[in-house]
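Below is one structure, written out as structure tokens; comments come after it.
Convention: sequence-line order gives letters A, B, ...; per-chain numbering from 1. Predicted model only: the values in this text are computed from it and were never measured. As a basis for the values below, the full set of heavy atoms in this structure was taken, side chains included, without hydrogen atoms, waters or symmetry mates.
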Amino acid sequence: MAVTLVFLGRLADLAGAPVREADAPLDWAGLLAVLGGELAEAVSGAKVRLAVNGALLADKTALAAGDGDEVALLPPVSGG
Amino acid sequence: MAVTLVFLGRLADLAGAPVREADAPLDWAGLLAVLGGELAEAVSGAKVRLAVNGALLADKTALAAGDGDEVALLPPVSGG
Amino acid sequence: MKDVRLLESAFAPGEAIERFAQGHPDAGGVVSFAGQVRAADGCEALELSHYAPLTLPGMDALADEALARWPLDGVMVVHRSGLMLPGETIVLVAAAARHRRDAFHAADFLMDHLKSDAWFWKREKRAGQWHWVEPREADYSDLARWK
Amino acid sequence: MKDVRLLESAFAPGEAIERFAQGHPDAGGVVSFAGQVRAADGCEALELSHYAPLTLPGMDALADEALARWPLDGVMVVHRSGLMLPGETIVLVAAAARHRRDAFHAADFLMDHLKSDAWFWKREKRAGQWHWVEPREADYSDLARWK
């Protein structure tokens, strides 16, 4: 079934939408393949982090998302 | 005629009133004589300053007040 | 003690500060910082997005860290999200403490973390075009002071 | 730009902060400090006296010094005198600046000077007795940081 990808900040612009579905299971190589091109390159950047169901991954290349999981793609933040 | 002495903070308590008149002309020795006792001692303390007509004296022992002058006796401050 | 809020619509910072100060009658002083959308520089609008599973929990943990680091009577952290116009308040932090230096440090700490270490993404509209804003170098060095 | 006031009666700090922030739409942020009479420690009332020929001119010169030291959009210095009850605001300073660090420094600077280098005399009433308050050692060392 599906993994939900949530794109934040400028990654949502690159993705063309804030949310996208991907087939489960999904690992880091699979994520890059699904994203492709410019978006895969952006997500590979050292400052972009991943969270699965609201839990940050210390090592994003260890991604292992299953059916029903939500993967958030988090570029550098800027608040205040 | 007269010099007006204005006592601030705890000096007003010691003086028993916030304002007192003294004969003009008034120098440092004259001021201490007019004040007398505990009040003269308090005013001699290193942290007490004098102002004549709103202008602080760099050296209070150089006091030279004339008729109509206002001499303020200023103990250590505490605001905020 | 701890008031942490993520707001979707405009709010009055002065009112929030006053309520916070009155809620901490034993504190000698309250330091606050209010950040607003600047009218200068041709900024027409600002939009802040966030990620719900991380943003409010992160703000809450930040408030707890400030409370643990300094002897405070209370902290307030209020952050807007959504679309904002010039003059609107983006962020408001306040710290109440017996001694003012603790309150100054805590408010400073909270702001440094909200600027470059909280889950918000900011973009500005200039001449009709949206531009993503990333923290300045100074924001990262400000943050590093607390490590 | 510069708002310096010596007030004889109670005022609402939040309102003053909000008006100040709105008056500086080009500033990115406003830092404020509000000091209030603490409800704790058995303080029943507080009285601040001042010496008119020195006090307001001194506050005004202090505000000018802050404006000269940091790139600020504006400063506000409001100080009460007279009799105050627990919960009432004694002092309020605010600084508006493009960069928040300048505003933090200016507000901190203003408070350190108002605490131990402005022409006010403070006494507290405890158990029906008035006691003069002098600055703490920490207030003098805080002040020395700016020399």
Atom CD of A:E41 with >12 non-hydrogen neighbours under 6.0 angstrom:
no
A:D23 atom CG, neighbour heavy-atom count above 12 within 6.0 Å
no
Could you tell me which portion of C:H50 (side chain, backbone, both or neither) has an atom closer than 4.5 angstrom to a non-hydrogen atom of chain A?
backbone
What are the two closest non-hydrogen atoms of [X] and [Y], and how far apart are they?
X      : Y     : result
C:W121 : A:P75 : NE1-O, 2.9 Å
C:S49  : A:G9  : OG-N, 4.5 Å
C:D117 : A:V77 : N-CG2, 4.0 Å

Check for a donor-acceptor pair, side chain of A:S78 on one end and backbone N or O of C:K122 on the other, with a separation under 3.5 Å.
no
Region of A:P18 in contact with chain C, defined by heavy-atom distances below 4.5 Å
neither
Between A:V6, A:L8, A:L56, which has the largest tally of heavy atom pairs under 4.5 Å with chain C?
A:L8
Among A:A12, A:P76, A:A51, which residue forms the greatest number of heavy-atom pairs with chain C at distances under 4.5 Å?
A:P76
Can you confirm whether the side chains of C:W132 and A:D13 place a donor and an acceptor under 3.5 Å from each other?
yes
